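Note sheet for the following structure.
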Amino acid sequence: MSKRILGIESSCDETAAAVVEDGTRILSSIVSSQMATHAKYGGVVPELASREHLRAIVPAVRMALEESSTKLDDLAAIAVTQGPGLVGSLLVGMTYAKALSLARQIPLIAVNHIEGHIHAVVSQYASQYASQYASQYASQHAKGPGGPDSANGDKVELPALALVVSGGHTHLFEVREGFSYRLLGKTRDDAAGEAFDKVGKLLGFGYPGGPVIDRLAPFGNPRAVKFTLAKMKGNTLDFSFSGIKTAVLRWVEAHEMDAEIAVRRALLEQNHHPSVEEWRSLTPARTLDLLASFQYTVIEELLRRAIRSAEEIGARSLIISGGVACNVGLRTRALASRLPYPVFFPAAGLSTDNAAMIAAAAFLKFERGEFADFGLKAQANLALA
Ligand code: KG4
Ligand code: ZN
C-alpha cells in the first residue's frame, strides 16, 4: 500500500504544506509566501513571520489535503521541520503538527530543514527535471566513462556531494549510502543568498535580492569588476561572503551611485514591483557590470569548492539545492563544467522553501520507524550530521 505523508514547513518566511506519496510522488505542494510582508523591511522580521505563519498554517494544510484528495485518516505520518530556523516560526508548524498527530493518532516525524533541501532532488518530480538537464549536458559533451549520459544519468547515485545554498545556509555535505551525512564545509559568515540579498538591498533592488540580480546579470559584463576570491585558512572547503559584500559597498561608495539607488528605492516605497525591463531601464551599464561580476564571483566560490569536495569524496552525483539553486547563472555554469558525474538541481518551486521536500525526506525515517514523541522541541541551530 502506498504511504502518504503530510509535510509541514515553517522555518523561515514561507508557510508550506504538502502531501507526498512514498517519498517521491508530490500530490500537492502549497507554499504561502510572506515575501510581501517582509519586503518593505528589507529582510525577514521574525515577529512578523510567526504572526503570518499563525494566519497561514491552517489554510495551507487544508489546501494541501484537498488538492491531493487526502483525508487525515489516509495519512501514514505527519512530518514537520524541527530546525534549523527561526524558533518562533518553527514553533507554529511544530505545534500544529503535534496537535494533528495527537488528535488523529497519526505518527509524527521530525525533519531537519537542510535534509529536506537535499531530498528536494530525490523526489521523482525533481529527478525528471534533473534528467532533462543531464541529457542536455550529455548532448553537449562527448561521451565519457561514468558521465551523465550513462544509464543512471537520471537517478541520484550515492555517495553524492550536496551543496545546500540558500538565504540561511551555505553547506557542503557528503551524502553517504543510507542517507547519512558528513559536513565538509560551510560559510563562516554570510550565506550566499544573504550576500545576494544584502547587495540587492544596498543597490536599491529591495528584498530578496537574489532573483533580481540573477535576471539582470546577463545584461552586464561578468569580468568588468575584479573581485578577489576568498582565501580560507584552516578548512579550505569553508566559504566566506562578507569580503565580497564589503567590496561591493566600497565600489558603490567610490562610484557616486546615490541618485540611481534613490530612484529605485523610491519606486519600491510606492509599492511598485518593477519588471526586469523596468529595473534594467533604471540601472546604468556600469551597475549591470557590477551585478554580473558579483554574481560571477559568488558562483565561482560555490562551484570551486563543491567540485573540489566532490572529487575528494569520489562523488557519483552532485546535488545543488536551496533558494540560490534557482540561479540561472549557477545552473548554467554547473552544467557546462564538464563534470564526470551528473548534476542535480531541484525543479522550480522545490529549490526555495517548501513542504514537499520535508515529506520526501520523512519517508526514509518512516520506513525505519524513526518517529518523534510529543516532547519534540524546535531547534534553531539543529545540525545535520
Ligand atoms: O531556501 P530559501 O527559500 O530560504 C532559506 O532557507 O533561506 O532561499 C531564499 C534565498 C534568498 O536569499 C534569495 O535571495 C535566494 O534564496 N534566491 C536566489 C535566487 N532565487 C532565490 N539567489 C540567487 N539567484 C536566484 N535566482
Ligand atoms: Zn531553506
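Note that the coordinates shown come from a computational prediction; the quantities given were computed from them, not determined experimentally. In each ligand, atom 1 is the first atom listed, and ligand 1 is the first ligand listed. Every heavy atom of this structure was used, including side-chain atoms; hydrogens, water molecules and symmetry mates were not.
- Against a heavy-atom cut-off of under 4.0 Å, Pro208 is close to the following atoms of ligand 1: 14 (O).
- Taking the six-membered ring where tryptophan is involved, the planes of Phe239 and Phe241 are essentially parallel, since the angle between them stays under 30° and well short of 60°.
- The shortest heavy-atom distance from Cys12 to ligand 1 is not under 4.0 Å.
- Listed by number with element, the atoms of ligand 1 under 4.0 angstrom from any heavy atom of Gly193 are 12 (O).
- Heavy-atom proximity to Gly168, at under 4.0 Å, picks out these atoms of ligand 1: 7 (O).
- Scanning all protein heavy atoms for the shortest distance to atom 11 (C) of ligand 1 gives Asp197 OD2, 3.5 Å.
- Below 4.0 Å from some heavy atom of Ser166 lie the following atoms of ligand 1, by number and element: 1 (O), 5 (C), 6 (O), 7 (O), 8 (O).
- Between Asp190 and Lys198 there is a salt bridge, since a side-chain N of the basic residue sits under 4.0 Å from a carboxylate O of the acidic one.
- The closest donor-acceptor contact from the side chain of Ser317 to the backbone of Glu157 lies under 3.5 Å.
- Note: angle at the Zn ion (ligand 2), from NE2 of His117 to OD1 of Asp353, is 90° (rounded to 10 degrees).
- The nearest N, O or S atom of Cys12 is not closer to the Zn ion (ligand 2) than 2.8 Å.
- Atom CG of Asp373 has more than 12 heavy atoms from other residues, nucleotides or ligands within 6.0 Å.
- Atom numbering of ligand 1 starts at 1 in the shown order; those under 4.0 Å from a heavy atom of His113 are 6 (O).
- Asp353 N, 3.0 Å is the protein heavy atom nearest to atom 3 (O) of ligand 1.
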For a side chain to side chain donor-acceptor pair (under 3.5 Å) check, start with the C-alpha distance between Arg188 and Thr170, then their side-chain angles and the critical distance, and finish with the verdict. CA-CA 9 Å; Arg188 293 192 193 162; Thr170 304; over 6 Å; no
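- At least one heavy atom of His117 sits under 4.0 Å from some atom of ligand 1.
- Looking at atom 22 (N) of ligand 1, its nearest protein heavy atom turns out to be Gly210 CA, 3.4 Å.
- Near Cys326, with a cut-off below 4.0 Å to any heavy atom, the atoms of ligand 1 are 20 (N), 26 (N).
- Using a cut-off of 4.0 Å between Lys/Arg side-chain N and Asp/Glu carboxylate O, Glu278 and Arg264 are scored as not salt-bridged.
- Taking atom 10 (C) of ligand 1 as the reference point, the nearest protein heavy-atom neighbour is Gly167 N, 3.4 Å.
- No more than 12 heavy atoms of other residues, nucleotides or ligands sit less than 6.0 Å from atom CG of Asp258.
- Residue contacts with ligand 1: Thr352 is placed with no nitrogen or oxygen under 3.5 Å of a nitrogen or oxygen of the ligand (distance criterion only).
- Below 30°, between 30° and 60°, or above 60°: for His113 and His169 the angle between ring planes is between 30° and 60°, a tilted geometry.
- Among all non-hydrogen protein atoms, the one lying nearest atom 21 (C) of ligand 1 is Gly323 O, 3.4 Å.
- We find that Glu311 and Arg308 are not joined by a salt bridge, their nearest charged nitrogen and carboxylate oxygen being 4.0 Å or further apart.
- Counting only heavy atoms of the protein, atom 24 (N) of ligand 1 lies nearest to Asn327 ND2, 3.0 Å.
- Between Glu367 and Lys3, none of the side-chain N atoms (NZ, or NE/NH1/NH2) sits under 4.0 Å from a carboxylate O, so this pair counts as no salt bridge.
- For atom 26 (N) of ligand 1, the closest non-hydrogen atom on the protein side is Asp214 OD2, 2.9 Å.
- For His119 and Phe179, the distance between ring centers is under 6.0 angstrom.
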